[in-house]
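A, B, ... follow the sequence lines: proteins, then strands. Residue 1 opens every chain.
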Number of protein chains: 2
Amino acid sequence: MKQEKISPRVIERLTKYLRCLENLNPEDYISSEGLAEKMGFTAAQVRKDLSNFGEFGIRGKGYNIRKLHSDIEKILGVNKTNNIILVGVGRLGTALLSEPEFTKESFNIAGLFDKDEKKIGTEIMGKKIRDLKEIEHFTSSKEDIAMAIITVPKMAAQEVCDVLVKAGIKAILNFVPVKLDIPEGVVIENIDLYGKLQELNYWKERKLK
Amino acid sequence: MKQEKISPRVIERLTKYLRCLENLNPEDYISSEGLAEKMGFTAAQVRKDLSNFGEFGIRGKGYNIRKLHSDIEKILGVNKTNNIILVGVGRLGTALLSEPEFTKESFNIAGLFDKDEKKIGTEIMGKKIRDLKEIEHFTSSKEDIAMAIITVPKMAAQEVCDVLVKAGIKAILNFVPVKLDIPEGVVIENIDLYGKLQELNYWKERKLK
DNA sequence: TAGATTGTTAATCGATTAACAATC
DNA sequence: TAGATTGTTAATCGATTAACAATC
(Lines give C-alpha, C1' and ligand atoms only; values in the text may rest on other atoms or scores of the structure.)
Protein backbone atom coordinates (compact mmCIF):
# COMPACT_ATOMS: atom_id res chain seq x y z
CA MET A 1 0.00 0.00 0.00
CA LYS A 2 1.71 3.16 -1.18
CA GLN A 3 1.47 6.23 1.04
CA GLU A 4 2.36 9.81 0.29
CA LYS A 5 0.87 12.71 2.22
CA ILE A 6 -2.86 12.06 2.42
CA SER A 7 -5.36 14.88 2.82
CA PRO A 8 -8.07 14.61 5.48
CA ARG A 9 -10.54 15.29 2.69
CA VAL A 10 -9.58 12.05 1.02
CA ILE A 11 -10.15 10.06 4.22
CA GLU A 12 -13.51 11.70 4.71
CA ARG A 13 -14.56 10.68 1.22
CA LEU A 14 -13.32 7.14 1.82
CA THR A 15 -15.85 6.77 4.64
CA LYS A 16 -18.54 7.92 2.25
CA TYR A 17 -17.55 5.42 -0.42
CA LEU A 18 -17.83 2.73 2.22
CA ARG A 19 -21.35 3.78 3.12
CA CYS A 20 -22.36 3.79 -0.51
CA LEU A 21 -20.87 0.39 -1.28
CA GLU A 22 -22.81 -1.18 1.59
CA ASN A 23 -26.02 -0.73 -0.33
CA LEU A 24 -24.80 -2.42 -3.49
CA ASN A 25 -24.60 -6.05 -4.51
CA PRO A 26 -21.14 -7.26 -3.46
CA GLU A 27 -20.82 -9.48 -6.52
CA ASP A 28 -21.22 -6.61 -8.95
CA TYR A 29 -18.66 -4.27 -10.44
CA ILE A 30 -18.98 -0.51 -10.42
CA SER A 31 -17.04 2.00 -12.50
CA SER A 32 -15.53 5.19 -11.11
CA GLU A 33 -18.16 6.91 -13.23
CA GLY A 34 -20.96 4.93 -11.57
CA LEU A 35 -19.68 5.47 -8.06
CA ALA A 36 -19.07 9.16 -8.73
CA GLU A 37 -22.63 9.61 -9.87
CA LYS A 38 -24.03 8.07 -6.71
CA MET A 39 -21.80 10.25 -4.55
CA GLY A 40 -22.09 13.49 -6.45
CA PHE A 41 -18.33 13.55 -7.10
CA THR A 42 -16.43 13.31 -10.39
CA ALA A 43 -15.10 10.02 -11.74
CA ALA A 44 -11.59 11.47 -11.77
CA GLN A 45 -11.83 12.20 -8.08
CA VAL A 46 -12.94 8.70 -7.22
CA ARG A 47 -9.99 7.22 -9.14
CA LYS A 48 -7.55 9.73 -7.70
CA ASP A 49 -8.71 9.10 -4.14
CA LEU A 50 -8.33 5.36 -4.46
CA SER A 51 -5.04 5.55 -6.32
CA ASN A 52 -3.52 7.12 -3.22
CA PHE A 53 -3.57 3.70 -1.63
CA GLY A 54 -2.96 1.24 -4.46
CA GLU A 55 -4.65 -0.26 -7.47
CA PHE A 56 -8.07 -1.62 -6.64
CA GLY A 57 -9.79 -1.68 -10.00
CA ILE A 58 -9.70 -3.71 -13.20
CA ARG A 59 -9.23 -1.72 -16.39
CA GLY A 60 -12.14 -2.04 -18.74
CA LYS A 61 -14.32 -3.43 -15.97
CA GLY A 62 -14.37 -1.27 -12.87
CA TYR A 63 -14.18 -2.07 -9.16
CA ASN A 64 -15.51 -5.25 -7.61
CA ILE A 65 -17.83 -4.06 -4.89
CA ARG A 66 -16.96 -6.68 -2.28
CA LYS A 67 -13.25 -6.22 -2.84
CA LEU A 68 -13.34 -2.43 -2.88
CA HIS A 69 -15.39 -2.39 0.30
CA SER A 70 -12.94 -4.68 1.98
CA ASP A 71 -9.92 -2.73 0.68
CA ILE A 72 -11.27 0.57 1.98
CA GLU A 73 -11.99 -1.07 5.33
CA LYS A 74 -8.38 -2.14 5.47
CA ILE A 75 -7.15 1.36 4.64
CA LEU A 76 -9.25 2.84 7.43
CA GLY A 77 -8.32 0.03 9.81
CA VAL A 78 -11.95 -0.93 10.39
CA ASN A 79 -11.56 -4.49 9.14
CA LYS A 80 -10.83 -5.37 12.77
CA THR A 81 -12.50 -4.41 16.04
CA ASN A 82 -11.25 -1.19 17.60
CA ASN A 83 -11.92 -0.50 21.24
CA ILE A 84 -13.40 2.77 22.45
CA ILE A 85 -14.17 4.15 25.86
CA LEU A 86 -16.99 6.58 26.41
CA VAL A 87 -16.68 9.27 29.06
CA GLY A 88 -19.79 11.03 30.29
CA VAL A 89 -22.83 8.78 30.47
CA GLY A 90 -25.48 11.49 30.36
CA ARG A 91 -28.37 11.67 27.95
CA LEU A 92 -26.21 12.15 24.89
CA GLY A 93 -23.69 9.46 25.86
CA THR A 94 -26.49 7.00 26.52
CA ALA A 95 -28.16 7.83 23.24
CA LEU A 96 -24.95 7.22 21.30
CA LEU A 97 -24.52 3.86 23.02
CA SER A 98 -27.80 2.64 21.66
CA GLU A 99 -27.22 3.82 18.10
CA PRO A 100 -27.60 0.85 15.78
CA GLU A 101 -24.27 1.66 14.16
CA PHE A 102 -22.54 0.41 17.28
CA THR A 103 -23.75 -3.10 16.80
CA LYS A 104 -21.27 -3.31 13.93
CA GLU A 105 -18.05 -5.11 14.57
CA SER A 106 -15.48 -2.48 13.75
CA PHE A 107 -15.93 -0.55 16.99
CA ASN A 108 -16.50 -1.89 20.47
CA ILE A 109 -17.40 0.20 23.48
CA ALA A 110 -14.98 -1.35 25.92
CA GLY A 111 -15.71 0.89 28.88
CA LEU A 112 -18.03 3.57 30.24
CA PHE A 113 -16.88 6.24 32.66
CA ASP A 114 -18.59 8.96 34.65
CA LYS A 115 -17.95 11.16 37.66
CA ASP A 116 -21.43 10.92 39.15
CA GLU A 117 -21.41 8.56 42.12
CA LYS A 118 -25.05 7.71 41.56
CA LYS A 119 -24.16 6.27 38.18
CA ILE A 120 -20.89 4.55 39.04
CA GLY A 121 -21.40 0.84 39.49
CA THR A 122 -24.72 0.74 37.64
CA GLU A 123 -25.10 -0.76 34.20
CA ILE A 124 -26.39 0.64 30.95
CA MET A 125 -26.93 -1.35 27.78
CA GLY A 126 -25.34 -4.23 29.64
CA LYS A 127 -22.15 -2.28 30.33
CA LYS A 128 -20.86 -1.24 33.74
CA ILE A 129 -20.23 2.44 34.46
CA ARG A 130 -16.87 3.01 36.12
CA ASP A 131 -15.34 5.87 38.06
CA LEU A 132 -13.52 8.43 35.94
CA LYS A 133 -10.51 7.97 38.18
CA GLU A 134 -10.09 4.41 37.02
CA ILE A 135 -9.50 5.30 33.38
CA GLU A 136 -5.73 5.15 33.49
CA HIS A 137 -5.75 1.83 35.31
CA PHE A 138 -8.37 0.48 32.94
CA THR A 139 -6.53 1.35 29.74
CA SER A 140 -3.22 0.06 31.02
CA SER A 141 -4.68 -3.26 32.17
CA LYS A 142 -6.41 -3.98 28.87
CA GLU A 143 -4.48 -3.70 25.68
CA ASP A 144 -5.37 -1.71 22.66
CA ILE A 145 -7.68 0.99 23.86
CA ALA A 146 -6.70 3.98 21.75
CA MET A 147 -9.97 5.85 21.18
CA ALA A 148 -12.40 7.76 23.36
CA ILE A 149 -15.69 9.59 22.98
CA ILE A 150 -16.24 12.62 25.21
CA THR A 151 -19.82 13.55 26.13
CA VAL A 152 -19.33 15.34 29.44
CA PRO A 153 -20.53 18.82 30.48
CA LYS A 154 -18.59 21.74 29.06
CA MET A 155 -16.87 22.56 32.34
CA ALA A 156 -15.33 19.10 32.68
CA ALA A 157 -14.21 18.58 29.11
CA GLN A 158 -10.59 19.77 29.20
CA GLU A 159 -9.92 17.96 32.47
CA VAL A 160 -11.31 14.72 31.08
CA CYS A 161 -9.33 15.23 27.90
CA ASP A 162 -6.11 15.55 29.89
CA VAL A 163 -6.87 12.34 31.78
CA LEU A 164 -7.49 10.53 28.50
CA VAL A 165 -4.25 11.73 26.98
CA LYS A 166 -2.38 10.66 30.11
CA ALA A 167 -4.06 7.25 29.84
CA GLY A 168 -2.59 6.80 26.38
CA ILE A 169 -5.67 7.58 24.26
CA LYS A 170 -4.63 8.51 20.71
CA ALA A 171 -7.92 9.57 19.13
CA ILE A 172 -10.81 11.53 20.59
CA LEU A 173 -14.32 12.12 19.28
CA ASN A 174 -15.47 15.23 21.09
CA PHE A 175 -19.13 16.23 21.34
CA VAL A 176 -18.50 19.09 23.72
CA PRO A 177 -18.56 22.56 22.15
CA VAL A 178 -15.11 23.50 23.43
CA LYS A 179 -11.74 23.62 21.68
CA LEU A 180 -9.70 21.03 23.56
CA ASP A 181 -5.95 21.35 23.92
CA ILE A 182 -4.22 18.16 22.93
CA PRO A 183 -0.55 17.34 22.53
CA GLU A 184 1.16 16.35 19.28
CA GLY A 185 0.38 12.79 18.31
CA VAL A 186 -3.23 12.79 19.52
CA VAL A 187 -5.98 13.35 16.96
CA ILE A 188 -9.37 14.86 17.63
CA GLU A 189 -12.61 15.21 15.71
CA ASN A 190 -15.17 17.66 16.99
CA ILE A 191 -18.87 17.20 16.43
CA ASP A 192 -20.43 20.58 16.89
CA LEU A 193 -24.19 20.46 16.60
CA TYR A 194 -24.66 24.10 17.30
CA GLY A 195 -21.98 25.17 14.84
CA LYS A 196 -23.61 23.08 12.12
CA LEU A 197 -26.97 24.71 12.82
CA GLN A 198 -25.35 28.12 12.46
CA GLU A 199 -23.85 27.12 9.13
CA LEU A 200 -27.19 25.82 7.89
CA ASN A 201 -28.81 29.02 9.02
CA TYR A 202 -26.44 31.00 6.83
CA TRP A 203 -27.03 28.85 3.76
CA LYS A 204 -30.78 28.59 4.11
CA GLU A 205 -31.06 32.28 3.36
CA ARG A 206 -28.98 32.19 0.19
CA LYS A 207 -29.52 29.77 -2.63
CA LEU A 208 -26.16 28.14 -3.32
CA LYS A 209 -23.48 26.60 -1.21
CA MET B 1 -22.40 43.89 3.56
CA LYS B 2 -20.57 42.89 0.38
CA GLN B 3 -21.06 39.38 -0.97
CA GLU B 4 -19.14 37.48 -3.62
CA LYS B 5 -19.10 33.71 -3.79
CA ILE B 6 -18.47 32.47 -0.27
CA SER B 7 -16.87 29.10 0.43
CA PRO B 8 -18.48 26.75 2.98
CA ARG B 9 -15.07 26.63 4.66
CA VAL B 10 -15.33 30.33 5.45
CA ILE B 11 -18.75 29.87 7.06
CA GLU B 12 -17.49 26.96 9.11
CA ARG B 13 -14.63 29.09 10.42
CA LEU B 14 -17.04 31.92 11.21
CA THR B 15 -18.87 29.63 13.65
CA LYS B 16 -15.55 28.89 15.29
CA TYR B 17 -14.63 32.53 15.64
CA LEU B 18 -17.96 33.03 17.35
CA ARG B 19 -17.28 30.27 19.85
CA CYS B 20 -13.87 31.70 20.59
CA LEU B 21 -15.10 35.26 21.04
CA GLU B 22 -17.66 34.10 23.61
CA ASN B 23 -14.89 33.37 26.07
CA LEU B 24 -13.27 36.78 25.80
CA ASN B 25 -14.00 40.08 27.50
CA PRO B 26 -16.41 41.93 25.20
CA GLU B 27 -14.84 45.31 26.04
CA ASP B 28 -11.40 44.26 24.78
CA TYR B 29 -9.89 44.41 21.34
CA ILE B 30 -8.19 41.49 19.65
CA SER B 31 -5.90 41.54 16.62
CA SER B 32 -6.19 39.11 13.73
CA GLU B 33 -2.86 37.79 15.00
CA GLY B 34 -4.29 37.18 18.47
CA LEU B 35 -7.46 35.53 17.21
CA ALA B 36 -5.48 33.41 14.77
CA GLU B 37 -3.27 32.13 17.54
CA LYS B 38 -6.24 31.03 19.62
CA MET B 39 -7.79 29.27 16.65
CA GLY B 40 -4.69 27.71 15.16
CA PHE B 41 -5.19 29.64 11.91
CA THR B 42 -3.05 32.35 10.30
CA ALA B 43 -3.69 36.05 10.83
CA ALA B 44 -4.06 36.50 7.08
CA GLN B 45 -6.83 33.94 7.01
CA VAL B 46 -8.76 35.62 9.80
CA ARG B 47 -8.59 38.97 8.00
CA LYS B 48 -9.46 37.42 4.65
CA ASP B 49 -12.44 35.55 6.08
CA LEU B 50 -13.88 38.64 7.68
CA SER B 51 -13.16 40.89 4.72
CA ASN B 52 -15.57 38.77 2.69
CA PHE B 53 -18.39 40.46 4.55
CA GLY B 54 -17.21 43.98 5.23
CA GLU B 55 -14.79 45.94 7.36
CA PHE B 56 -15.10 45.05 11.02
CA GLY B 57 -11.74 46.09 12.44
CA ILE B 58 -9.93 49.27 13.31
CA ARG B 59 -6.48 49.65 11.78
CA GLY B 60 -3.75 49.87 14.36
CA LYS B 61 -6.08 48.51 17.04
CA GLY B 62 -7.78 45.29 16.03
CA TYR B 63 -11.35 44.04 16.40
CA ASN B 64 -13.65 45.00 19.23
CA ILE B 65 -14.80 41.73 20.68
CA ARG B 66 -18.41 42.68 21.38
CA LYS B 67 -18.80 44.24 17.94
CA LEU B 68 -17.12 41.43 16.04
CA HIS B 69 -19.23 38.86 17.87
CA SER B 70 -22.36 40.75 17.02
CA ASP B 71 -21.28 41.28 13.40
CA ILE B 72 -20.59 37.58 12.87
CA GLU B 73 -23.94 36.74 14.44
CA LYS B 74 -25.57 39.02 11.92
CA ILE B 75 -23.72 37.40 9.02
CA LEU B 76 -24.87 33.95 10.13
CA GLY B 77 -28.36 35.20 10.85
CA VAL B 78 -28.23 34.05 14.46
CA ASN B 79 -28.80 37.49 15.93
CA LYS B 80 -32.47 36.58 15.88
CA THR B 81 -34.40 33.48 16.89
CA ASN B 82 -34.71 30.82 14.20
CA ASN B 83 -37.35 28.13 14.53
CA ILE B 84 -36.54 24.45 14.14
CA ILE B 85 -38.65 21.34 14.18
CA LEU B 86 -37.25 18.03 15.34
CA VAL B 87 -38.44 14.81 13.76
CA GLY B 88 -37.79 11.53 15.54
CA VAL B 89 -38.08 11.78 19.31
CA GLY B 90 -36.05 8.71 20.16
CA ARG B 91 -33.08 8.57 22.47
CA LEU B 92 -30.89 10.74 20.28
CA GLY B 93 -33.58 13.31 19.55
CA THR B 94 -34.43 13.58 23.23
CA ALA B 95 -30.76 13.93 24.13
CA LEU B 96 -30.29 16.76 21.66
CA LEU B 97 -33.35 18.55 23.07
CA SER B 98 -31.76 18.73 26.46
CA GLU B 99 -28.37 19.95 25.26
CA PRO B 100 -27.55 23.19 27.09
CA GLU B 101 -26.80 24.87 23.78
CA PHE B 102 -30.49 24.93 23.05
CA THR B 103 -31.22 27.25 25.89
CA LYS B 104 -29.59 29.97 23.79
CA GLU B 105 -31.83 32.34 21.98
CA SER B 106 -30.74 31.93 18.39
CA PHE B 107 -32.58 28.64 17.87
CA ASN B 108 -35.95 27.59 19.15
CA ILE B 109 -37.37 24.10 18.91
CA ALA B 110 -40.83 25.02 17.72
CA GLY B 111 -42.18 21.51 17.26
CA LEU B 112 -41.52 17.81 17.92
CA PHE B 113 -42.77 15.09 15.60
CA ASP B 114 -42.81 11.32 15.71
CA LYS B 115 -44.62 8.40 14.11
CA ASP B 116 -44.98 6.33 17.27
CA GLU B 117 -48.55 6.53 18.55
CA LYS B 118 -47.37 5.90 22.10
CA LYS B 119 -45.35 9.08 21.96
CA ILE B 120 -47.78 11.31 20.08
CA GLY B 121 -49.62 13.61 22.46
CA THR B 122 -47.14 13.22 25.30
CA GLU B 123 -44.72 15.94 26.33
CA ILE B 124 -40.96 16.02 26.59
CA MET B 125 -38.95 18.93 27.98
CA GLY B 126 -42.26 20.75 28.18
CA LYS B 127 -42.93 20.32 24.47
CA LYS B 128 -45.76 18.35 22.92
CA ILE B 129 -44.97 15.53 20.50
CA ARG B 130 -47.11 15.69 17.37
CA ASP B 131 -47.99 13.25 14.63
CA LEU B 132 -45.60 13.22 11.69
CA LYS B 133 -48.57 13.71 9.42
CA GLU B 134 -49.23 17.13 10.88
CA ILE B 135 -45.90 18.59 9.80
CA GLU B 136 -47.17 20.29 6.68
CA HIS B 137 -50.15 21.78 8.45
CA PHE B 138 -47.94 22.88 11.32
CA THR B 139 -45.35 24.69 9.20
CA SER B 140 -47.96 26.41 7.10
CA SER B 141 -49.95 27.63 10.09
CA LYS B 142 -46.95 29.13 11.87
CA GLU B 143 -44.67 31.42 9.98
CA ASP B 144 -40.96 31.12 9.61
CA ILE B 145 -40.16 27.50 10.22
CA ALA B 146 -37.36 26.80 7.77
CA MET B 147 -35.13 24.30 9.58
CA ALA B 148 -35.46 20.71 10.72
CA ILE B 149 -33.38 18.15 12.57
CA ILE B 150 -33.83 14.52 11.54
CA THR B 151 -33.19 11.81 14.13
CA VAL B 152 -35.38 8.98 12.89
CA PRO B 153 -34.43 5.36 12.14
CA LYS B 154 -32.50 4.78 8.93
CA MET B 155 -35.45 3.22 7.13
CA ALA B 156 -37.68 6.25 7.60
CA ALA B 157 -35.16 8.97 6.80
CA GLN B 158 -35.80 9.59 3.10
CA GLU B 159 -39.56 9.53 3.55
CA VAL B 160 -39.36 12.05 6.38
CA CYS B 161 -37.00 14.16 4.34
CA ASP B 162 -39.50 14.28 1.47
CA VAL B 163 -42.27 15.35 3.84
CA LEU B 164 -40.07 18.12 5.22
CA VAL B 165 -39.20 19.42 1.78
CA LYS B 166 -42.85 19.39 0.84
CA ALA B 167 -43.62 21.33 4.02
CA GLY B 168 -41.28 24.08 2.91
CA ILE B 169 -38.24 23.29 5.08
CA LYS B 170 -35.13 24.90 3.60
CA ALA B 171 -32.36 23.51 5.83
CA ILE B 172 -31.91 20.06 7.33
CA LEU B 173 -29.54 18.79 9.98
CA ASN B 174 -29.41 15.05 9.41
CA PHE B 175 -28.14 12.62 12.03
CA VAL B 176 -29.12 9.52 10.07
CA PRO B 177 -26.27 7.76 8.26
CA VAL B 178 -27.95 7.89 4.87
CA LYS B 179 -27.38 10.14 1.89
CA LEU B 180 -30.67 11.97 1.53
CA ASP B 181 -31.91 13.16 -1.84
CA ILE B 182 -32.96 16.77 -1.71
CA PRO B 183 -34.02 19.18 -4.41
CA GLU B 184 -32.16 22.32 -5.45
CA GLY B 185 -32.66 25.11 -2.97
CA VAL B 186 -32.67 22.95 0.15
CA VAL B 187 -29.44 22.66 2.15
CA ILE B 188 -28.39 19.75 4.29
CA GLU B 189 -25.65 19.08 6.82
CA ASN B 190 -24.96 15.50 7.78
CA ILE B 191 -23.58 14.55 11.16
CA ASP B 192 -22.09 11.12 10.75
CA LEU B 193 -20.80 9.75 14.02
CA TYR B 194 -19.69 6.48 12.56
CA GLY B 195 -17.89 8.10 9.66
CA LYS B 196 -16.01 10.38 12.05
CA LEU B 197 -14.93 7.36 14.08
CA GLN B 198 -13.62 5.72 10.94
CA GLU B 199 -11.64 8.84 10.07
CA LEU B 200 -10.18 9.00 13.56
CA ASN B 201 -9.29 5.35 13.33
CA TYR B 202 -7.24 6.04 10.22
CA TRP B 203 -5.37 8.97 11.75
CA LYS B 204 -4.71 7.36 15.10
CA GLU B 205 -2.38 4.90 13.44
CA ARG B 206 -0.30 7.51 11.60
CA LYS B 207 1.25 10.54 13.19
CA LEU B 208 0.11 13.58 11.22
CA LYS B 209 -3.11 14.80 9.79
C1' DT C 1 -9.24 -7.51 -31.59
C1' DA C 2 -12.41 -3.51 -30.14
C1' DG C 3 -14.47 -1.32 -26.31
C1' DA C 4 -14.28 0.04 -21.78
C1' DT C 5 -12.31 1.84 -17.93
C1' DT C 6 -8.41 2.21 -15.06
C1' DG C 7 -4.23 4.75 -13.05
C1' DT C 8 -1.54 8.73 -13.72
C1' DT C 9 0.28 12.98 -15.59
C1' DA C 10 -0.65 17.69 -16.82
C1' DA C 11 -3.86 21.67 -16.62
C1' DT C 12 -7.07 24.19 -14.03
C1' DC C 13 -9.19 25.93 -10.36
C1' DG C 14 -9.74 27.57 -5.70
C1' DA C 15 -8.06 28.43 -1.16
C1' DT C 16 -4.33 29.93 1.81
C1' DT C 17 -0.50 32.77 2.79
C1' DA C 18 2.73 36.63 2.20
C1' DA C 19 3.45 41.25 1.46
C1' DC C 20 2.34 45.94 1.73
C1' DA C 21 -0.09 50.28 1.07
C1' DA C 22 -3.80 52.43 3.66
C1' DT C 23 -5.07 54.30 7.91
C1' DC C 24 -6.29 54.29 12.84
C1' DT D 1 4.14 61.84 14.25
C1' DA D 2 5.48 56.77 14.96
C1' DG D 3 3.73 52.25 15.73
C1' DA D 4 0.38 48.97 15.02
C1' DT D 5 -2.71 46.51 12.52
C1' DT D 6 -6.16 46.41 9.08
C1' DG D 7 -8.02 45.29 4.26
C1' DT D 8 -6.52 43.87 -0.12
C1' DT D 9 -3.62 42.51 -3.97
C1' DA D 10 -0.28 39.25 -5.64
C1' DA D 11 2.20 34.85 -4.97
C1' DT D 12 2.00 30.27 -3.46
C1' DC D 13 0.25 26.15 -2.44
C1' DG D 14 -2.88 22.26 -2.67
C1' DA D 15 -6.86 19.99 -4.43
C1' DT D 16 -9.85 18.94 -8.28
C1' DT D 17 -10.58 17.97 -13.00
C1' DA D 18 -9.37 16.82 -17.78
C1' DA D 19 -6.95 14.11 -20.80
C1' DC D 20 -4.84 10.02 -22.29
C1' DA D 21 -1.68 6.11 -22.52
C1' DA D 22 -1.87 1.57 -20.37
C1' DT D 23 -4.34 -2.58 -20.10
C1' DC D 24 -8.18 -5.65 -18.89
Side-chain angles (χ1 to χ4, degrees), chain A residues 1-17 21 24 27-69 71-72 75 199 202-203 208-209, chain B residues 1-17 21 24 27-69 71-72 75 199 202-203 208-209:
Chain A
M1 203 188 282
K2 74 175 171 182
Q3 278 282 19
E4 315 253 314
K5 175 78 155 91
I6 302 296
S7 152
R9 306 270 204 100
V10 173
I11 301 304
E12 196 181 339
R13 282 193 297 269
L14 247 38
T15 70
K16 292 182 177 160
Y17 296 143
L21 293 168
L24 303 173
E27 308 308 323
D28 287 347
Y29 284 76
I30 191 166
S31 65
S32 56
E33 185 69 41
L35 193 51
E37 200 195 357
K38 285 188 185 294
M39 308 290 309
F41 305 156
T42 65
Q45 180 150 78
V46 171
R47 296 201 297 278
K48 193 96 216 283
D49 283 347
L50 296 173
S51 76
N52 281 300
F53 305 96
E55 305 196 359
F56 305 112
I58 298 171
R59 284 162 202 242
K61 203 167 179 192
Y63 302 86
N64 173 256
I65 289 174
R66 165 173 290 128
K67 181 171 176 306
L68 184 58
H69 188 273
D71 284 335
I72 296 178
I75 295 167
E199 288 177 54
Y202 175 84
W203 296 113
L208 24 63
K209 187 169 167 181
Chain B
M1 205 187 280
K2 73 173 168 182
Q3 279 280 20
E4 315 255 314
K5 175 87 156 83
I6 302 296
S7 152
R9 307 270 205 99
V10 172
I11 302 303
E12 195 182 338
R13 282 194 297 270
L14 247 38
T15 70
K16 292 183 176 158
Y17 296 143
L21 293 169
L24 302 173
E27 307 309 324
D28 287 347
Y29 284 76
I30 191 167
S31 65
S32 55
E33 184 70 42
L35 192 51
E37 199 195 358
K38 286 187 186 294
M39 309 290 308
F41 303 155
T42 65
Q45 179 148 80
V46 171
R47 294 201 299 276
K48 193 96 215 281
D49 283 347
L50 297 174
S51 76
N52 280 299
F53 305 95
E55 307 195 359
F56 305 112
I58 298 171
R59 288 163 200 238
K61 202 165 180 194
Y63 302 87
N64 174 256
I65 290 175
R66 164 174 292 127
K67 180 172 178 306
L68 184 58
H69 187 273
D71 285 335
I72 296 178
I75 296 166
E199 288 178 53
Y202 175 85
W203 296 114
L208 26 61
K209 187 168 169 182

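B:Gln45 is not listed as a side-chain neighbour of B:Met39, based on a closest heavy-atom distance of 4.5 Å or more.
Here the C1' atom of nucleotide C:dT6 and the CZ atom of A:Phe53 are 17 Å apart, to the nearest Å. Put simply, CD on A:Glu33 is 13 Å from P on C:dA4, counting in whole angstrom units. Across the protein-nucleic acid pair, A:Tyr29 atom OH and C:dG3 atom P stand 22 Å apart, rounded to whole Å.
Here A:Arg66 contributes atom CZ and A:Asp28 contributes atom CG; the two are 10.5 Å apart, rounded to the nearest 0.5 Å. Of the inter-residue distances, the one linking B:Lys16 atom NZ with B:Leu21 atom CG reads 14.0 Å to the nearest 0.5 angstrom. To the nearest 0.5 Å, atoms CG (B:Leu68) and CD1 (B:Ile30) are separated by 9.0 Å. How far CZ of A:Arg47 is from CG of A:Leu35: 11.5 Å, rounded to the nearest 0.5 Å. The NZ atom of A:Lys67 sits 9.0 Å away from atom OH of A:Tyr29, with the distance rounded to the nearest 0.5 Å.
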Test log, rule side chain to side chain contact (heavy atoms under 4.5 Å, CB included), inputs B:Asp71 and B:Phe53: CA-CA 9 Å; B:Asp71 285 335; B:Phe53 305 95; over 6 Å; no

List the steps, then state whether side chain to side chain contact (heavy atoms under 4.5 Å, CB included) holds for A:Ile75 with A:Asn52. CA-CA 10 Å; A:Ile75 295 167; A:Asn52 281 300; over 6 Å; no

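Annotation for A:Tyr202 and B:Ile6: closest pair OH-CG1, 3.6 Å, computed over non-hydrogen atoms.
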With pairs defined as Watson-Crick or G-U wobble and both distances under 3.5 angstrom, please note down DNA chain D as a dot-bracket string, | for pairing with another strand. ..||||||||||||||||||||||

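Dashed line: the shortest gap from a side-chain N or O of A:Ser32 to OP1 or OP2 of C:dT6 is under 4.0 Å.
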What one-letter contact string describes nucleotides 12-20 of chain D from 5' to 3', where B marks a base within less than 4.0 Å of any protein heavy atom, S marks contact via sugar-phosphate atoms alone, and - marks no contact? ---SSBBB-

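Sorted by residue number, the members of residues 58-68 of chain A with any non-hydrogen atom under 4.0 Å from DNA chain D read A:Ile58, A:Arg59, A:Gly60.
Inspection of the A:Tyr17 and A:Asp49 side chains reveals an N or O donor paired with an N or O acceptor under 3.5 Å.
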